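Here is the structure we will look at, set down as structure tokens.
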Amino acid sequence: MGIKTALPAAELGLYSLVLSGALAYAGRGLLEASQDGAHRKAFRESVRPGWEYIGRKMDVADFEWVMWFTSFRNVIIFALSGHVLFAKLCTMVAPKLRSWMYAVYGALAVMGTMGPWYLLLLLGHCVGLYVASLLGQPWLCLGLGLASLASFKMDPLISWQSGFVTGTFDLQEVLFHGGSSFTVLRCTSFALESCAHPDRHYSLADLLKYNFYLPFFFFGPIMTFDRFHAQVSQVEPVRREGELWHIRAQAGLSVVAIMAVDIFFHFFYILTIPSDLKFANRLPDSALAGLAYSNLVYDWVKAAVLFGVVNTVACLDHLDPPQPPKCITALYVFAETHFDRGINDWLCNQGKTIQAWWGQLGQMPLSLKEAGDRGLVLVTWRFSAFHGQGRSRYVYNHIGGEHSAVIPELAATVATFAITTLWLGPCDIVYLWSFLNCFGLNFELWMQKLAEWGPLARIEASLSVQMSRRVRALFGAMNFWAIIMYNLVSLNSLKFTELVARRLLLTGFPQTTLSILFVTYCGVQLVKERERTLALEEEQKQDKEKPE
């Protein structure tokens, strides 16, 4: 069944009507629940006074979001505005020095925020990986990079290193983990690129310019060193036609999204309600399903706003940053649930480097080399949702190839989520999250293999292309809820996830289960229609670009 298979317009119209009605009905239930629970004792800590002139309180359960746009708002605006201003002046007066300006300004901002000792700590990690890169051994750079990452994720080293931060403030832990972890990824990217291209003679200064670029420093996204170095080294960068309009539109969308979230939290307490299981259990089934879904959508919006703001500044600096994450609503297969496209690029480049490394192992015993080729030794991760969660493909893609072999795929995903666990910080909930998403990814492949089995393949071949699309959309609907449930574990709590699963699958069966499945099926069909439209537009674009 091809992606270009069309369905009747009346059928798609029905799907749109059903989905819109279901979302409105679930939203009404959430709105009423938020109004009823606004004055509950359990909500006092996370539901605070908001628009008092109309009697609306605000959900402030996400302290990180609240800090960004209250106490830290002016600091963020001041720091990024200063960066843009100095970058523009440097580009006009001394364009050859603009990369130095980025590094100096970023290092001063980090020192002003986290203190000089924290800056020296990161410089120590940078120097360590730079020295490793001089030896030209990718395995050493990779091993040291993972060791550095582990030092920021596990005690006692994490406690010792966190002591380098000067003072205490609300976002200290978030900024510490973000700046430290992304520094390790950037330094590892630099070291592996140096090993892959020894003739380019990258210097420590190149690494510092790369690592201390302020817009990317604390929260990413990751631009691999080769891309960043090539773009920032342009003496006279030229903007593409319509680029400034695109930058203004992106900035405007970020502002609109921030305002929309602020309005939304005055009416829907989607982050606070899951913390009170007794109250959540009284919600209607439709509202409970909407609550689970809206939590993942909010996490995507939060990531999209963060990427949007940072990418706007990067585009003003004549960089081409990774694109914002893909909307969670459009993710109905595990193989596409990657959020952080920058980490995706980072892993892909690392895959090329490790491929070269394996090529150097001609004298290694065959059994070990075959183990690496099958993906038993690889560095990659695939996040299914973003807490820092972005799902990526790295060495995973190189070793997995077409991802059609069951055993190599299993080995690759196990190693992938092992690294994911290290990135997120080993703990019971992360172990469970990694296991569930690893299982989901492999189960998806097993079902695909089963569908290709002779009898089932002949049954599908006997169906019309439209009916085949409908059958696949039904399985996509079930997959969509598996993605939601597996990632709800990390976004909320295991107990809330158990409550949702029990209500939707057990006590609500069959009426609630089948109703929600049908609504989700309608949504998947509309997503497929959007994919079909984009595919046709891309095909027409390619036809126009072909020489006559």
Side-chain angles (χ1 to χ4, degrees), residues 1-7 296 326-339 344 347-348 351 373-376 378 380-385 390-418 420 433-487 505 517-518 520-532 534-535:
M1 191 277 294
I3 193 174
K4 299 174 185 176
T5 301
L7 292 179
L296 265 75
K326 189 175 182 180
C327 179
I328 184 66
T329 302
L331 303 179
Y332 58 89
V333 292
F334 279 91
E336 294 181 358
T337 51
H338 59 278
F339 265 25
N344 177 57
L347 290 171
C348 290
D373 290 338
R374 286 196 302 267
L376 299 178
L378 79 151
T380 166
W381 67 77
R382 302 171 57 111
F383 294 148
S384 292
R391 160 107 162 259
S392 331
R393 297 177 280 241
Y394 230 142
V395 183
Y396 175 82
N397 265 0
H398 164 64
I399 296 178
E402 297 296 325
H403 307 299
S404 57
V406 173
I407 300 302
E409 177 77 357
L410 177 62
T413 51
V414 168
T416 293
F417 281 100
T420 304
W433 177 88
S434 294
F435 170 78
L436 291 174
N437 282 279
C438 183
F439 169 76
L441 189 60
N442 282 278
F443 186 75
E444 195 172 78
L445 176 62
W446 302 339
M447 292 298 99
Q448 178 184 336
K449 287 294 183 182
L450 184 62
E452 294 172 355
W453 180 50
L456 293 181
R458 286 193 291 272
I459 292 175
E460 183 177 19
S462 66
L463 302 175
S464 65
V465 288
Q466 289 84 2
M467 185 57 67
S468 178
R469 168 173 161 171
R470 296 183 183 106
V471 171
R472 287 177 177 265
L474 179 61
F475 283 98
M478 291 186 284
N479 223 24
F480 180 84
W481 273 100
I483 292 172
I484 289 181
M485 300 302 295
Y486 290 174
N487 291 286
L505 298 179
L517 184 62
F518 177 65
T520 309
Y521 165 83
C522 295
V524 171
Q525 284 287 21
L526 295 177
V527 172
K528 283 180 170 288
E529 185 63 20
R530 174 61 177 166
E531 292 173 348
R532 187 186 75 86
L534 292 176

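Keep in mind it's a predicted model, so treat the numbers as computed, not measured. Index from 1, following the sequence.
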Item to check | Taking every non-hydrogen atom, the tightest pair across Ile483 and Leu296 | outcome: O-CD2, 4.3 Å
Checklist entry - Who pairs with Phe435 by side-chain contact (heavy atoms from CB on, under 4.5 Å), at least two apart in sequence or on another chain? => result none
Next on the checklist: I'd like to check the side-chain contact (heavy atoms from CB on, under 4.5 Å) partners of Leu517; sequence neighbours left out, ordered by chain and number.
Outcome noted: Leu474, Ala477, Met478
Checklist entry - Residues two or more places apart in sequence or in another chain: which of them pass side-chain contact (heavy atoms from CB on, under 4.5 Å) with Leu7? => result Glu11, Leu12, Tyr15, Gln466, Arg469, Arg470, Gln525
Item to check | Minimal non-hydrogen separation, Leu331 against Phe480, with atom names | outcome: O-CD1, 3.4 Å
Item to check | Euclidean distance, Arg458 CZ relative to Trp453 CH2, rounded to 0.5 Å | outcome: 8.5 Å
Item to check | Lys/Arg-Asp/Glu bridge criterion (N-O < 4.0 Å) met for Arg532, Glu529 | outcome: yes
Next on the checklist: As an exercise, state the distance from CZ of Arg530 to OG1 of Thr329, rounded to the nearest 0.5 Å.
Outcome noted: 13.5 Å
Checklist entry - Once the angle between the rings of Phe443 and Trp446 is folded into 0 to 90°, is it parallel (under 30°), tilted (30 to 60°) or perpendicular (over 60°)? => result perpendicular
Item to check | Closest heavy-atom pair and its distance - Val471, Leu463 | outcome: CG2-CD1, 4.3 Å
Checklist entry - Looking at Gly440 and Tyr486, what are the two nearest heavy atoms and their distance? => result CA-CE1, 4.1 Å
Item to check | Closest non-hydrogen atom pair between Glu460 and Ser468, with its separation | outcome: OE2-OG, 2.6 Å
